[in-house]
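Just so you know, ligand 1 is whichever comes first in the structure, and atom 1 is the first atom listed for that ligand. What you are looking at is a predicted structure, and each value in this text was computed from that prediction instead of being measured.
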Amino acid sequence: MHCPFCRHPDSRVVDSRTTDDGTSIRRRRQCPDCSRRFTTVETASLMVIKRSGVTEPFSRTKVISGVRKACQGRPVTEDALAKLGQRVEEAVRATGSAELTTHDVGLAILGPLQELDLVAYLRFASVYRAFDTLDDFEAAIVELRERQPTGDQPGECEAGATPEVPVPATAAD
Ligand SMILES: [Zn+2]
């Protein structure tokens with residue numbers, strides 16, 4: 001590839017390393033012309049098949065904007081959204097498959113979003129899982145209560161099991 005400093009059309013790989021999670025390779029390159037060094041990161045291109053059958057590259061930005069809509073009016077910071085986007089991308093890349101469906105991406109969003117904000121989670125899940133009736137919401141809420149029994153059992157306190165709950169900005173209220 002071109003040298004980013006002098007635009008020389010060629011460069012030489014001096015070192016290659018697979019990242020710890022095995023999903024990408026970092027290459028240290030040197031320009032034979034200006035001798036400067038730079039790093040490239042190689043990852044498998046990740047494609048998402050939409051419901052319409054159209055395929056497009058996975059976009060963390062799109063994940064974040066979808067979740068941001070569900071978080072409207074909720075005490076969720078841009079920083080938290082960015083972290084969620086990163087977690088979702090890491091999760092879908094960790095599957096090792098080069099093609100995903102929008103359904104797979106939605107599924108990867110549900111877990112981290114549930115940890116982030118339960119109301120936003122229900123909004124997102126209602127669209128993603130196509131809730132039609134109040135019963136669907138009720139079932140989802142029952143599911144949430146069953147999965148998060150800590151609130152109902154104040155006596156039980158497992159060390160290290162404290163969920164990371166984002167602290168809402170009380171000043172905004
Ligand atoms: Zn150069």
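A donor-acceptor pair under 3.5 Å links the side-chain atoms of Arg123 to the main chain of Gln72, judged by distance alone. In terms of modelled atom types and a separation under 3.5 Å, the side chain of Thr55 and the main chain of Met47 share no donor-acceptor contact.
Residues Arg26 and Thr39 have side chains that never bring a donor and an acceptor to within less than 3.5 angstrom of each other.
More than 12 heavy atoms of other residues, nucleotides or ligands lie within 6.0 Å of CZ in Arg28, so this atom counts as buried by the packing criterion.
The Zn ion (ligand 1) lies at the vertex of an angle of 110° between the SG atom of Cys34 and the SG atom of Cys31 (rounded to 10°). The Zn ion (ligand 1) forms the vertex of an angle spanning SG of Cys3 and SG of Cys6; to the nearest 10 degrees it equals 110°.
Under 2.8 Å from the Zn ion (ligand 1) lies no N/O/S atom of His8, from backbone or side chain alike.
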